[in-house]
There are 2 protein chains.
Amino acid sequence: MPELSVRGSRSRKPIMVLFDLLGRRWAMGVLWTLCTSGPCTFRDLQDQCGSVSPSVLNARLKELRNAKLIGHSGQGYHAEPLGFELHERLVPLGAWSRSWAALLASDAPEARHETAFTQPDRSSGS
Amino acid sequence: MPELSVRGSRSRKPIMVLFDLLGRRWAMGVLWTLCTSGPCTFRDLQDQCGSVSPSVLNARLKELRNAKLIGHSGQGYHAEPLGFELHERLVPLGAWSRSWAALLASDAPEARHETAFTQPDRSSGS
DNA sequence: CTCGATTGCTACTGAATCAGTAGCACAGCG
DNA sequence: CGCTGTGCTACTGATTCAGTAGCAATCGAG
């Protein structure tokens, strides 16, 4: 029963519980898409998020639904009030991320092929 | 070379790049700890985050450093200006998470053993 | 310098999660 | 009935994570 042992939100602090929920592949992306692109169907979400695996998408959808962040109606999936609230707190991140990305790009122009974080090497100690 | 192929931040949008960076185990937790508990050593971080694997912690540390969010001095690891900026945007999440957790707890008091998201089961026992 | 303690980090194994593909059940339409 | 669209599950292989052990370097004490 890995449900009650592994991802036990290592802490009781709500912020850590939230980080545990959002710190999963596509969790924030799905919420963001649902809040910015309006209601989407399962397959719309797959397409807009870059062909996520249906298994993973379904898992995130269930978790997000259990967290009361999103819901599912006849028109597809949609963000619920709580989800929009969280999204509101995430919006500043979107603005900040742009200046941050610009700074990173200007600081290491030749190193930002893809992710820019997972460098192949950082040798040259000291 | 998984560095340039897998986690390609499925999108070019900075927000998705950021979500890709933060959407990993302990990424946000490490930054949060560094910003709230001040400079920490490698092992302090391990302890305060709940015994993270050194391999994973080291990976997050490298990514966060490449992202210019944190740095490493003689006194241990510490958040850099950029990291504090991001933390500032994360603080509202902390406040919101508390009311959210309270709502979730009052809505399903007997279901919030641990994570409250990963339901133990949903497919009738067969 | 040697001892012991601390720090930063790597290596290894097994488990959990993720990606990618195929396919099924159900509903609406002609 | 056949066709299309939607929601979702199952399966396999790859990636990531957890947990443990251990090593090189550093620092204070003797």
Side-chain angles (χ1 to χ4, degrees), chain A residues 1-10 19-30 34 39-65 70-78 114-115 117-123 125-126, chain B residues 1-10 19-30 34 39-65 70-78 114-115 117-124 126:
Chain A
M1 296 67 179
E3 304 78 25
L4 302 178
S5 55
V6 183
R7 300 307 224 68
S9 312
R10 48 284 199 163
F19 283 169
D20 188 33
L21 172 67
L22 298 182
R24 296 182 185 197
R25 205 84 113 211
W26 288 112
M28 288 187 281
V30 166
L34 245 27
C40 302
T41 66
F42 191 92
R43 292 173 197 248
D44 280 341
L45 242 21
Q46 276 187 290
D47 190 57
Q48 293 192 39
C49 286
S51 307
V52 210
S53 298
S55 350
V56 178
L57 177 56
N58 191 34
R60 292 294 97 67
L61 252 18
K62 278 182 184 172
E63 292 161 10
L64 257 19
R65 280 209 277 182
I70 67 174
H72 184 223
S73 66
Q75 304 311 305
Y77 288 95
H78 61 274
E114 302 289 325
T115 317
F117 310 122
T118 52
Q119 279 194 146
D121 186 59
R122 92 293 195 224
S123 58
S126 69
Chain B
M1 297 68 180
E3 304 80 21
L4 302 179
S5 55
V6 184
R7 300 306 223 65
S9 311
R10 48 280 199 168
F19 283 170
D20 187 33
L21 172 67
L22 298 182
R24 297 182 185 199
R25 204 84 112 212
W26 289 111
M28 287 186 282
V30 166
L34 244 28
C40 301
T41 66
F42 191 92
R43 292 173 198 246
D44 280 342
L45 241 21
Q46 276 187 290
D47 190 57
Q48 291 191 41
C49 285
S51 305
V52 210
S53 299
S55 351
V56 178
L57 178 57
N58 192 35
R60 291 292 124 358
L61 252 18
K62 278 182 184 173
E63 291 161 9
L64 257 20
R65 279 209 277 183
I70 67 174
H72 184 222
S73 66
Q75 303 310 306
Y77 289 95
H78 62 273
E114 302 291 324
T115 316
F117 311 120
T118 51
Q119 285 197 131
D121 185 61
R122 81 289 185 228
S123 65
S124 62
S126 62

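Values in this document were obtained by computation on a predicted structure and should not be read as measured data. We name chains A, B, ... by the order of the sequence lines, and we start the count at 1 in each one.
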Mind calculating the distance between [atom1] ([X]) and [atom2] ([N]) to the nearest angstrom?
X	N	atom1	atom2	value
A:Glu63	D:dC8	CD	P	14 Å
B:Arg60	C:dT10	CZ	C1'	16 Å
A:Phe42	D:dG5	CZ	C1'	14 Å
B:Arg24	C:dT17	CZ	C1'	14 Å
A:Leu64	D:dC8	CG	P	13 Å
B:Leu57	D:dT16	CG	C1'	15 Å
A:Tyr77	D:dC8	OH	P	3 Å
A:Asp20	C:dT17	CG	P	10 Å

Might you list the N or O atoms of the protein lying below 3.5 Å from N or O atoms in nucleotides 20-27 of chain C, with each pair's distance?
| from | atom 1 | to | atom 2 | distance (Å) |
| --- | --- | --- | --- | --- |
| C:dG20 | N7 | A:Ser53 | OG | 3.0 |
| C:dG20 | O6 | A:Ser55 | OG | 3.1 |

Side chain to side chain contact (heavy atoms under 4.5 Å, CB included) against A:Asn58, all qualifying residues, sequence neighbours excluded: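 A:Asn58 satisfies side chain to side chain contact (heavy atoms under 4.5 Å, CB included) with A:Phe42, A:Lys62 once adjacent residues are dropped.
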Sequence-distant partners of B:Ser53, side chain to side chain contact (heavy atoms under 4.5 Å, CB included), two or more places apart: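 With neighbours one apart ignored, the set is B:Ser55, B:Val56.
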Set of ring-ring contact (aromatic ring centres under 6.0 Å, His included) partners for B:His72, sequence neighbours left out: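 Testing B:His72 for ring-ring contact (aromatic ring centres under 6.0 Å, His included), a comparison that skips the adjacent residues, returns B:Tyr77.
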Phosphate contact (D:dT9 OP1 or OP2) by A:Lys62 side-chain N/O below 4.0 Å: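 The answer is yes; a side-chain N or O of A:Lys62 sits under 4.0 Å from OP1 or OP2.
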Test applied, side-chain contact (heavy atoms from CB on, under 4.5 Å); reference residue, B:Ile70; option that passes from B:Arg65, B:Glu63, B:Arg60: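 Among the candidates, only B:Arg65 passes.
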Contacts of type side chain to side chain donor-acceptor pair (under 3.5 Å), residue A:Asp47, not counting sequence neighbours: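 A:Asp47: no side chain to side chain donor-acceptor pair (under 3.5 Å) contacts found.
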Contacts of B:Thr41 that satisfy side chain to side chain donor-acceptor pair (under 3.5 Å) - sequence neighbours left out: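 Result, side chain to side chain donor-acceptor pair (under 3.5 Å) vs B:Thr41: B:Asp44.
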